[in-house]
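Only heavy atoms go into these numbers, but all of them, side chains included; no hydrogens, no water, no symmetry mates. In what follows, chains are A, B, ... by sequence order, proteins preceding strands, each numbered from 1. Owing to the predicted nature of the structure, the values given are computational and were not obtained by experimental measurement.
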Number of protein chains: 2
Amino acid sequence: MKNKDFDINDINKLLIDRGIRPSIQRIKILEYIVKNKNHPTVDMIFNALKGEIPTLSKTTVYNTLNEMVKKDVLLELIIDENAVRYDLYMEPHVHFKCRICGEIYDYDMDCEIFKKKKIKGNLVERYSVNLYGICKNCLNERSKKNGD
Amino acid sequence: MKNKDFDINDINKLLIDRGIRPSIQRIKILEYIVKNKNHPTVDMIFNALKGEIPTLSKTTVYNTLNEMVKKDVLLELIIDENAVRYDLYMEPHVHFKCRICGEIYDYDMDCEIFKKKKIKGNLVERYSVNLYGICKNCLNERSKKNGD
DNA sequence: GTATCTGCAAAACATTTGCAATTCT
DNA sequence: AGAATTGCAAATGTTTTGCAGATAC
């Protein structure tokens, strides 16, 4: 199932499937992640939703995300040294983090090498490939400033 | 230069080469990382050295590590959700983190794909490949406990 | 009415900052 | 003496925990 096909009903269904009761808070949090595809931090989610749900607390965002990670609805991305980021659980892909704007982009790259279950006797359950650098947009900004 | 060849003189030389004055604290911190090859956290380094240098403060460990990262002596590993880890700056390689014992191992794997300087218009300056799972030792422990 | 869920307040960590005391040259 | 370095104490920021009130079934 592609992200684009996700609507509110799918979100409800996904939560129920994984044994998570679909409260307003949980639906909105998951919806935010699915719709924005921006690999948000807890803070980004909280700030985006506090207008819509004025009573929302950060604790609830933390609780919800932790539960969804445990139930394989979400994936924790360890790519940012300052805060954990979250993404919908899916086939692992490559992430690129821009060190100027902080944005994280998805890359559709083949990583067959890491799909083996055992490498050198160690059991590989999950892998993550992170690229760091400067994104297209920030490169453009920079060359504009330099006048070239 | 391989890790094994590193002795106290090489550590001194490396620091001076990068414009870092080799104080006792700096030498001991770098020596710890080189000798142990355990991709330590600030805490691991501090606890290991506070016996030897009783006046050592965690601030100094932080300061030292940040400076060495800036001067390309060390590399920050963003693989652990709880704390940043440090490794000697070298050809990037693959890391495996065991979710049972927390240990981080090096893998010598080829990652040619990520060595391109530009991917889809974004400038790639650095990449990191992290594998997560259960290491050989913990798998053995586990099968012993299960009696098989 | 009992379970679960939410959210406040406080605690627990990791990390940074300001600054005064110390050390090196 | 003057510059760099160290380390304490406090601040900042992220995440977790304890608990009381609210909500759902």
Base, sugar-phosphate, or nothing for A/Thr55, non-hydrogen atoms under 4.0 angstrom?
sugar-phosphate
Rounded to whole Å, please give me the gap between CD1 in B/Ile20 and P in D/dA4.
15 Å
Can you say whether the rings of A/Phe96 and A/Tyr107 are parallel (under 30°), tilted (30 to 60°) or perpendicular (over 60°)?
parallel
Reckon B/Asn66 has a side-chain N or O less than 4.0 Å from the OP1 or OP2 of C/dT16?
yes
Is B/Ser23 touching bases, backbone alone, or none of the nucleic acid, heavy atoms closer than 4.0 Å?
sugar-phosphate
Pull up the glycosidic torsion of D/dA3 and say syn or anti, syn being anything within 90° of 0.
anti
Please report the C-alpha distance between A/Lys70 and A/Glu67 in whole Å, then the side-chain angles of each, then the deciding distance to 0.1 Å, and finally whether the salt bridge (Lys or Arg N to Asp or Glu O under 4.0 Å) criterion is met.
CA-CA 5 Å; A/Lys70 207 174 294 171; A/Glu67 192 182 356; over 6 Å; no
Quick check for you: among C/dT6, D/dG7, D/dT15, whose closest atom lies nearest to any side-chain atom of A/Asn63?
C/dT6
Between C/dG7 atom C1' and A/Lys50 atom NZ, what is the distance in whole Å?
15 Å
Find the distance A/Glu81:CD to D/dT15:C1' and express it as a whole number of Å.
17 Å
Counter-base of D/dT5, judged by Watson-Crick or G-U geometry with both distances under 3.5 Å
C/dA21
For A/Asp43 and A/Thr59, take the nucleotide of DNA chain D holding the closest heavy atom to each; which residue's nucleotide lies nearer the 5' end?
A/Asp43
When you measure from the side-chain N and O atoms of B/Thr60 to the phosphate of D/dG7, is any distance below 4.0 Å, counting only OP1 and OP2?
yes
Between atom CG in A/Asn47 and atom P in D/dT14, what is the gap in whole Å?
10 Å
To the nearest Å, give me how far apart CZ (A/Arg26) and P (C/dT4) are.
11 Å
How long is the line joining OH of B/Tyr62 and P of D/dC8, in whole Å?
15 Å
Check this for me: A/Lys13, atom NZ, are more than 12 non-hydrogen atoms of other residues, nucleotides or ligands nearer than 6.0 Å?
no
Rounded to whole angstrom units, what separation is found between the CD atom of B/Glu76 and the P atom of C/dA14?
15 Å
Just checking A/Tyr89: does its OH atom have more than 12 heavy atoms from other residues, nucleotides or ligands closer to it than 6.0 angstrom?
no
For A/Gln25 and for B/Arg21, find the nucleotide of DNA chain C with the closest heavy atom, then tell me which residue's nucleotide is more 5'.
A/Gln25
To the nearest angstrom, how far is A/Phe46 atom CZ from D/dG13 atom P?
15 Å
Hunt down the Watson-Crick or G-U wobble partner of D/dT23, both distances under 3.5 Å, from any strand shown, or write none.
none
Heavy-atom count check: over 12 atoms from other residues, nucleotides or ligands less than 6.0 Å from A/Ile24 CD1?
no
